[in-house]
Amino acid sequence: MKKFIVSPAPHIHSEFETRKLMRDVLIALTPSLLVSIYFFGFSAIKLVLIGAGACVLVEYLIQKYLLHSKITINDYSAAVTGVLLALNLPPNSPWWLILIGSIVAIGVAKMTFGGLGQNVFNPALVGRVFLLISFPVLMTDWTIPESWFRPGVDAITGPTPLSIVKEGLASGLSMGEIFQQNNFSWGEMLFIKMGGSVGEISALALILGFIYLLIKRVIRPHIPVAIVLTIVVLTSIFHLISPEQFTGPMFNILTGGVLLGSIFMATDYVTSPMNPVGMVIYGVGIGLITVLIRYFGAYPEGISFAILIMNSVVPLINKACKPKRFAKEVK
Amino acid sequence: MSIVLFTIICLSVIGLLLAIILYVVSKKFHVEEDPRIEIVEALLPGANCGGCGFTGCHAFAQSAVESPSLDGHFCPVGGNDTMAKVASALGQEVKVQQKMVAVVRCNGTFDNREKSNYFDGYKSCKVALSLYAGETNCRYGCAGFGDCVEVCAFDAIHVDPKTGIPEVDQDKCTACGACVKACPQSLIELRAAGPKNRRVCVSCRNMDKGALTRKACKVGCIGCGKCAKVCPFGAIKIENNLAYIDFNLCKLCKKCVDECPTGAIEAVNFPIKVPKSATTLETPQTQAPQPKVATPIEQKENNSKE
Amino acid sequence: MLKTFHIGGVHPNDNKITADAPIEVFPILDKVYISMAQHLGAPATPVVAKGDKVKVGDVIGEPAGFISGYVHASVSGTVTAVEPMKDLAGKLVMHVVIAVEGDEWRPEIDRSSDIVRDIKLSKEEILDKIKLSGIVGLGGATFPTHVKLSPPPGKKAEFLILNGAECEPYVTADDRIMREQSEQIFIGGKIMLKALGIERGFVGIEENKKAAIAQMKETGKKYPELEVIILKKKYPQGGEKQLIEAITGRRVPSLGLPIDVGVVVQNVGTALAVYEAIQKNKPLVESVVTVTGQCISQQRNLSLRVGTSFSQILDAIGGIPKDAAKFISGGPMMGKAVSNIDASVLKGTSAFLMLTEEQTKRKEEINCVRCAKCIEACPMGLEPWLLNKLSRARRYDDLEKEKIYDCIECGCCLYTCPSNIPLLDIIRISKAEVTRIMRSRPKK
């Protein structure tokens, strides 16, 4: 007789698969990637390829030679980490910078905890913060995007809008003067000329990715929405109190990787809370810490630190916020 | 200068405060404990396996110290040596017990027992058997997913990938009984290890009628009762179509092994017999009651002991 | 606005291939194998012996306890064996084997198709007759109906809900009976209302059964006490607790029963069986079974005699299909996998589903990435990933705190898990363990 399969119910499975979810994150990142390739050209492609390749390679080597465990590089999670890391670096970073970042991200932040699903901190952010602290000059020296298609005009290097404001304020200029001097334009920030890392060049492209993730039901909207709303509310309050000292809400949302961080980094499954209430608490926490660091801290931008800090309290949030139970207590 | 002074004073005050808190807490929550408990616990293996029936080594030590005699206290892991040490530490007597070993009473290997279906759920005997009767037609046999392997604290039991049946490493087995409790089919039994580790055991738990058993497995016990008749010591009982050998009465004469028509009775660790003639083989299709061939390591050790 | 339950749920592809196939009467074959375990609770005690002659409707098994039921002969002929046989899970259960001779029914059974509308019997007589007719819940759990219709002292029913949600993919048995025998279902519902001594009831139907809804609404005009409610298509809409919440907004408490919130839920198939038993004197000897799956060519809805074996059905559709890798009795979400195809159809069997290896084989398990999709899916508001973790560590006291006993084993978590972790397999085992521990505890 033919052998047939027996198993407990259910006998069918949904289309969800971890690999596919990770692949969807990569797809959601493509608009930003295309925009950055358009502006930075070869250096953007180079960074993303090195980042993804290095992360996958490091994971493979560790699993094969150190842990002697099953090789799980085909789940795309290492590739996602690599691409995110690359998108968080300045476009003119040297190749060895992202290599070091990848080794730290996968080797230290992911594999030491036991691989996929076990890490406490977002690997890509650990890699980025490690680089930010170790190589501060390289990491804050951004290229101001100038069209790649106009030959003869070299890319100009300079600081990001956030650090311009920070340094300007430190040197005693007023907010109005800074804005006048640098000629920031909202339209440019929203669509293209947002000075910063590879991935945050265009807010619109990031939002496009966000919509894709929502449609594919890869992430729930709670975390990004909570972060952005918190930042908007807090910065509005500060801005209204003293417009000369604090930048406004639009400026804060569109610069310094808030969108990239809240859509793609803070929503990382492994390091974010699992229940809706917890997600909101987590998002509010990130927004709050980001604003505090930006206004009062030494660093011009703070979302990476904010996410890492909130990562560390996720287990507590998970424990404290339980989903809404169906059944009431037995009386 | 003032900074240095300030630092020193600060740290000293903090240190003093913490010391006071520690002192108060240790006084307040101090638990009086018989000092002998610690001594006994140090003698125990410290695996906390629970094989003695207590929750762990500390509970065992506590009970051993507090009860008037050592009856009912036996550490299966440490064995008689450890118990002798415990007894001398407490100034009490202890009975010498025979060495036990876990025995898997199923020989339904892939060759002996044909699979009729394939289980695709969580690979656990408990899960599979709570759902249905198992991958083969024998509803008493080993499911082979290794619930026993998972609970073994001594790395002494492993499922052989060639047969699908767990094998006990008797040098590592401490007879703690964790696997006995874990097996949902109650296949594992603690049996006397026997002289030179030689044992005779019915490797089957199938209580179905003979015809059904034969259909399900080549080496199942069909409850024919031949072994009980041939046993000179009255060590074999037949109940529910199943033979059981009482290891306290068995004298290892192996008459039952030769008598068994299906080869359900296994003799372990006996020297390999050179077949003189083919008289013992009655039916070619059923497996002859071969003594289990010891692995090279076992053989070597047996030889060295001899 | 369509009504629905509010927490969790999944949307599997409904695959109702047989929705438009009318119920066919399956021919009576040479032998039937009637299991004595047709219901939840203690198996019935056989009261016939080898060689006895039986007619359709003769009692062959009597209840062996409070939660147990009568079993009737589904064919006429000679009893050839009363012995333990393997059921669909390979476990031994007492069966009565009857060799078919003709098709002779007990004289009092009314086999005409006339609809009898008058309910003549009193409340007690109805309950008694339901019990004697061996009626069990046909929604899957096969709980004896007379027990469910007799609320324990101190509890009062307010509503009756007839469950026609049929949220399981593939299965269309209830859909078909609602289309073909809608009036009988309403009369059965009225009988049950009378047995409970209440006035009001609902019929819940999922939106994907348009024809059944139209038919039931049309017939329902004559029966204003039973209101037809259209429900959103979402699994597990037909789960007892979910259905009650969707229709009445009440939530059954932990470890509670529907009667604790004043509701009794019965399947529409049960209502039909009640009608036949009370108005037509016909005990439960037939079962409507959807034979389906993409791997077979003739998907059908069959009206079978209880005790027909799965292999007999397979013979009728042309042998074991080539690609079939798994046989399921019931739907794909909660049905039981069949390991022995010689097992027979029970009263509560609603479908015989065949899936290919590609459709059903579980994929390799990988690490939990804490995507929280299981939390999103769980209709009871539990955290399956956490229950899985705690179960593997055998932390039963923590599992109790996490309310593992609320689990209704609907399978949404395992269905949805992107890492293919066998969540429900593990939760089911520790749920049994936790409830055992809770029961063994002395009551306060």
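Between the side chain of B:Asp120 and the backbone N or O of C:Arg362 there is at least one donor-acceptor pair closer than 3.5 Å.
Using a 4.5 Å cut-off between heavy atoms, B:Tyr118 touches chain C through its side chain atoms alone. Of the two parts of C:Glu433, only the side chain, counted from C-beta on, holds a non-hydrogen atom closer than 4.5 Å to a non-hydrogen atom of chain B. In this structure, the portion of C:Lys86 lying under 4.5 Å from any heavy atom of chain B is its side chain and not its backbone.
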>> Could you go through C:Leu92 and B:Asp208, starting from their C-alpha distance and side-chain angles, then the distance that decides it, and tell me whether this counts as side-chain contact (heavy atoms from CB on, under 4.5 Å)?
In response: CA-CA 10 Å; C:Leu92 286 191; B:Asp208 280 338; 3.9 Å; yes
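C:Met333 meets the side chain to side chain contact (heavy atoms under 4.5 Å, CB included) test with A:Pro10, A:Ile12, C:Val10, C:Glu168, C:Pro169, C:Tyr235, C:Tyr415; sequence neighbours excluded. In this view, B:His73 and B:Phe54, B:Phe60 satisfy the ring-ring contact (aromatic ring centres under 6.0 Å, His included) rule, not counting sequence neighbours.
Listed options C:Ala432, C:Ala337, C:Pro422 were ranked by heavy-atom pairs under 4.5 angstrom with chain B; first place goes to C:Pro422.
For C:Lys389, the NZ atom is loosely surrounded, since the number of other residues' heavy atoms within 6.0 Å does not exceed 12. For C:Glu402, the CD atom is densely surrounded, since the number of other residues' heavy atoms within 6.0 Å is greater than 12. Applying the 6.0 Å contact sphere to CD of B:Glu66 captures more than 12 heavy atoms from other residues, nucleotides or ligands. Within 6.0 Å of the CZ atom in C:Arg441, the count of heavy atoms belonging to other residues, nucleotides or ligands exceeds 12. Crowding of B:Lys237 atom NZ: a count of heavy atoms from other residues, nucleotides or ligands under 6.0 Å not exceeding 12.
A heavy-atom distance below 4.5 Å is not found between the side chains of B:Lys123 and C:Glu365.
Within residues 143-162 of chain B, the residues having any heavy atom less than 4.5 Å from a heavy atom of chain C are, in residue-number order, B:Glu150, B:Val151. Proximity to chain C at a heavy-atom threshold of 4.5 Å picks out B:Ser130, B:Leu131, B:Tyr132, B:Ala133, B:Asn137, B:Arg139 from residues 130-140 of chain B, in numerical order.
Heavy-atom minimum distance, B:Tyr122 versus C:Ile426: CD2-CG1, 3.4 Å.
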